[in-house]
Amino acid sequence: MAAETLKSSSGAGGAAAVRRVLLDNGALTALIVLVVALSALSGDFLTTDNLLNIGVQAAVTAVLAFGVTFVIVSAGIDLSVGSVAALSATVLAWSATQHGVPVALAVVLAVATGIAAGLVNGFLIAYGKLPPFIATLAMLSVGRGLSLVISEGSPIPFPDSVSHLGDTLGGWLPVPVLVMAVMGLVAAFVLGRTYIGRSMYAIGGNEEAARLSGLRVRKQKLAIYALSGLFAAVAGVVLAARLSSAQPQAADGYELDAIAAVVIGGASLAGGTGKASGTLIGALILAVLRNGLNLLNVSAFWQQVVIGVVIALAVLLDTLRRKAGAAPVAGASQGGKGRQAVTYGLAAVVTVAVVGATSFLHGGSSAAANPRIGLALSTLNNPFFVQIEAGARAEAKRLGVDLTVTDAQNDASQQANQLQNFTSSGVDAIVVNPVDSDAAGPAVRAAGKADIPVIAVDRGVNKAQTKALVASDNVAGGELAAKTIAGKLGGHGKIVILQGQAGTSAARERAQGFAQGLKAYPGIEVVAQQPADFDRTKGLDVMSNLLQAHPDVQGVIAANDEMALGAVKALGSKAGKSVQVVGFDGTPDGLKAVEAGTLYASVAQQPSRLGKIAVDNALTALKGRKTEQTVKVPVKVVTRDNVAGFSG
């Protein structure tokens, strides 16, 4: 009877121990489950190249998140790290390439910029008594605005000596992964071995108690936010090095990924808990998720849903851990650290064993019967690019091609990741519609080294060899739009120009075309030029504002139909009567407005044809046949007179 009771007690204790390990290491457990599941689902996941890709793709988020860990442990929040990263990189590129500052000094200036931004945050929070959310939200806007002001909205090429940060050591070890490891060790040292690290936990646990115990809370907060700014600057430099250019819109939204990585890694938004290793695991989970979902051809829209669910589950796990009395993640004892090391070691062994077993599921698989083409689009949140996708899909289906489509959501870094995923998964050819022509260069060069033919569509790729460029001429289209509005106004009148998203190739080229076309019409006065980011809602808001200052405007040129339709809505009954509006792209909604007479004209690029021809050229190149270096799809001005016969 006693033996029976002992056995029962021992079994219960073992179950409790397993439960405790899972609760204490929920992020690690989730990472193991993800790796095992994706290894089973995709034969392309478990390759050396792809695992290194995951490391590179996690690097920027992880470095940002290490800095955010300091803030969250101290019960704060930092929403500005993405903007500070872009600003720091822009300062480096601007000072080194445009003003001849020595590269070493330019790097110091970039780091100083990040620290200065952090100090401003810390001062507003500690001495100005602003809530961290409000102070850092303000810095998010200021940092992004300064980045756009300094760069004038255009990417700035990065110095070659710093661009090596995006390369590899020995031909296999990516430098971003090395930087991530070094910054992770620094973060772990600061949190676990320094006075300021202990201060973070004390402030996050109970700020008033920390103050009463003699801790100089306000000065510590200055240092904490300065550290966050420093890590953001390093992340910005690494990101720009990967893209070979400082993008003023880079790292947009990365602050949310950084916060998510910290929370997924086990830190509490209430403060007092968190560790660098957990943050690293959180960043890896996000990178593994995105990489795996790309390989499985999951829609980018569903990817956002999945990542949101993961973040919610991470917070739920944190709540369960607290209710179950799980071991805290802050400042463990030496014995606790030893047990943690053993746990990580066992996790690694289990993962390798299970993944090794699942790899046999794919070991004997034969090559796909159909050619595989990857289509990397800049965004699917715009009807023009949706039509490119539709044309490409229809042609791929007709030709028996397996087409995988990714959506970069106008993020050059995300598109670089997607192109790397295509390369590591061994697609037969790639069609890329670059977010930015410079930023796509390194990833396209890597595809070329892997003997994967690349076709560019709508926009070219700089400093990289592509088999063909299938595009309309954005500059020529811009000139045509300018001539169309000038002709309708009889060569005289006041107009406004709604520009595209600052920093993108299409926005720059179309704006250049507008300017060139208007040179021939000195009677046309441009009273205002404002960006509306290719978005209909922003087009409505910007046009409404401009009408307050310029109620006598007679014409509008918009860099795409979405902004033009927003302008039409703002103009109301004036549209098509006292005010003429010209759009760009020839989207279905734009053509309906042309037919209704509210939009005078749209410079149509026939996007469905662009997608179709791009797939045709990719298949031609894949078969080893010669393609034309440039395939021009003519633009066409569509007005009410000819819209009935235009198919797009």
Side-chain angles (χ1 to χ4, degrees), residues 42-44 293-302 365-408 415 418-419 421-423 425-434 444 447 450-461 466-472 585-591 604-636 638 644-648:
S42 173
D44 298 319
L293 294 174
N294 280 342
L295 294 180
L296 295 173
N297 198 18
V298 175
S299 161
F301 304 140
W302 278 109
S365 62
S366 58
N370 298 331
R372 297 168 59 207
I373 295 178
L375 171 59
L377 289 170
S378 58
T379 181
L380 281 172
N381 193 29
N382 182 308
F384 176 78
F385 300 105
V386 172
Q387 286 184 280
I388 289 181
E389 181 198 23
R393 284 197 184 279
E395 188 68 358
K397 183 177 181 180
R398 187 182 73 82
L399 297 174
V401 171
D402 291 335
L403 185 70
T404 301
V405 181
T406 60
D407 171 14
Q415 185 169 68
Q418 292 164 350
L419 291 170
N421 293 341
F422 280 150
T423 301
S425 66
V427 297
D428 298 305
I430 294 173
V431 177
V432 58
N433 158 236
V444 171
D451 293 325
I452 298 175
V454 179
I455 306 296
V457 62
D458 187 46
R459 306 165 188 160
V461 181
T466 57
K467 293 294 183 181
L469 167 61
V470 180
S472 303
D585 284 343
T587 62
D589 283 353
L591 296 179
Q605 293 195 87
Q606 307 178 75
S608 295
R609 284 193 64 193
L610 289 174
K612 172 185 178 299
I613 295 171
V615 170
D616 290 340
N617 277 266
L619 197 59
T620 299
L622 181 58
K623 292 177 180 178
R625 300 174 187 166
K626 188 175 181 181
T627 58
E628 293 183 35
Q629 192 63 40
T630 303
V631 181
K632 286 290 185 184
V633 177
V635 293
K636 183 177 182 180
V638 181
F646 183 77
S647 64

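From a predicted model like this one, the values you see are computed outputs, not experimental measurements.
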Undergrad: Identify the two heavy atoms, one from Pro371 and one from Gly400, that lie closest to each other, and give their separation to 0.1 Å.
TA: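 So the two residues come closest at CD-O, 3.7 Å.
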Undergrad: Write down the atom of Pro453, the atom of Ala621, and the distance for their closest heavy-atom approach.
TA: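 Here Pro453 and Ala621 meet closest at CB-CB, 3.9 Å.
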Undergrad: Can you list the residues that meet the side chain to side chain contact (heavy atoms under 4.5 Å, CB included) rule with Ala390, with sequence neighbours excluded?
TA: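 None.
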Undergrad: In Å and rounded to the nearest 0.5 Å, what is the OG to CD1 distance from Ser378 to Ile388?
TA: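 Taking OG in Ser378 and CD1 in Ile388, the distance rounds to 7.5 Å.
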Undergrad: Listed by chain and number, what are the side chain to side chain contact (heavy atoms under 4.5 Å, CB included) partners of Val386, not counting sequence neighbours?
TA: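 With sequence neighbours excluded, Val386 shows a side chain to side chain contact (heavy atoms under 4.5 Å, CB included) to Leu380, given in chain and number order.
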Undergrad: Grab the two heavy atoms, one from Ile452 and one from Ala429, that are nearest each other, plus how far apart they are.
TA: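 For Ile452 versus Ala429, the nearest heavy atoms are CG2-CA, 3.8 Å.
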Undergrad: Tell me, please, which residues at least two apart from Thr379 pass side chain to side chain contact (heavy atoms under 4.5 Å, CB included).
TA: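 Listed in chain order: Asn381, Asn382, Phe385, Asp407, Asn410.
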Undergrad: When you measure from the side chain of Asp458 to the backbone N and O of Ala471, does any donor-acceptor pair fall under 3.5 Å?
TA: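 Judged by distance alone, no pair lies under 3.5 Å.
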Undergrad: Salt bridge (Lys or Arg N to Asp or Glu O under 4.0 Å): which pairs involve residues 615-625, sequence neighbours left out?
TA: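 Checked against salt bridge (Lys or Arg N to Asp or Glu O under 4.0 Å) - neighbours excluded - the pairs reaching residues 615-625 are Lys612-Asp616.
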Undergrad: For a quick test of reading the model, state the closest non-hydrogen atom pair linking Gln387 to Pro607 and the distance between them.
TA: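 Looking at all heavy atoms of both residues, the closest pair is OE1-CG, 3.4 Å.
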Undergrad: Show the nearest heavy-atom pair for residues Ser472 and Gln605, with the distance to one decimal.
TA: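 Looking at all heavy atoms of both residues, the closest pair is CB-OE1, 3.0 Å.
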Undergrad: Could you check if a side-chain atom of Ile373 sits within less than 4.5 angstrom of a side-chain atom of Asp402, using non-hydrogen atoms only?
TA: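 Ile373 does not reach Asp402 side chain to side chain.
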Undergrad: Are the side chains of Thr406 and Leu377 in touch, meaning some heavy atoms are under 4.5 Å apart?
TA: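 No, every pair of side-chain atoms sits at 4.5 Å or beyond.
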Undergrad: Roughly how far apart are Glu395 CD and Ile613 CD1, rounded to 0.5 Å?
TA: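 Separation between the atoms: 9.0 Å.
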Undergrad: Give the intermediate values and the outcome of side chain to side chain contact (heavy atoms under 4.5 Å, CB included) for residues Val454 and Val461.
TA: CA-CA 10 Å; Val454 179; Val461 181; 5.7 Å; no
Undergrad: Rounded at 0.5 Å granularity, tell me how far OG in Ser42 sits from CG in Leu295.
TA: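 It is 4.5 Å, given to the nearest 0.5 Å.
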Undergrad: Using a 4.5 Å cut-off on heavy atoms from C-beta on, say whether the side chain of Val470 contacts that of Ile455.
TA: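 Answer yes - side chains close enough.
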Undergrad: Given side chains that start at C-beta, do those of Val405 and Arg393 come closer than 4.5 Å, heavy atoms only?
TA: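 Val405 vs Arg393: side chains touch.
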Undergrad: Kindly compute the distance separating CD1 (Ile430) from OG1 (Thr404), expressed to the nearest 0.5 Å.
TA: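 It is 10.5 Å, given to the nearest 0.5 Å.
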Undergrad: After noting the C-alpha distance and the side-chain angles of Phe384 and Leu610, does the key distance pass the side chain to side chain contact (heavy atoms under 4.5 Å, CB included) rule?
TA: CA-CA 10 Å; Phe384 176 78; Leu610 289 174; 3.8 Å; yes
Undergrad: Is the side chain of Asn433 donor-acceptor paired with the backbone N or O of Val457 at a distance under 3.5 Å, no angle test?
TA: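 Indeed, once roles are kept as given, a pair shorter than 3.5 Å links the two residues.
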Undergrad: Please find the pair of heavy atoms, one from Gln415 and one from Ala376, that lie closest to each other, and give the distance.
TA: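 What the structure gives for the nearest pair is NE2-O, 3.5 Å.
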Undergrad: Looking at residues at least two apart in the chain, or sitting in another chain, which of them share a side-chain hydrogen bond (donor to acceptor under 3.5 Å, both in side chains) with Arg459?
TA: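 In terms of side-chain hydrogen bond (donor to acceptor under 3.5 Å, both in side chains), with neighbours along the sequence ignored, Arg459 is linked to no residue.
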Undergrad: Could you give the distance from CG (Asp451) to OG1 (Thr423), rounded to the nearest 0.5 Å?
TA: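 The CG atom of Asp451 sits 11.0 Å away from the OG1 atom of Thr423.
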Undergrad: For residues 629-636, please give each side-chain donor-acceptor pair under 3.5 Å, one per line with the distance, not counting sequence neighbours.
TA:
residue	atom	partner	partner atom	Å
Gln629	NE2	Thr466	O	3.1

Undergrad: Are any non-hydrogen side-chain atoms of Asn370 and Val401 less than 4.5 angstrom apart?
TA: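 A side-chain contact under 4.5 Å is absent here.
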Undergrad: Which value, rounded to the nearest 0.5 Å, describes the distance between Asp44 atom CG and Leu296 atom CG?
TA: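 Reported to 0.5 Å precision, the distance equals 9.5 Å.
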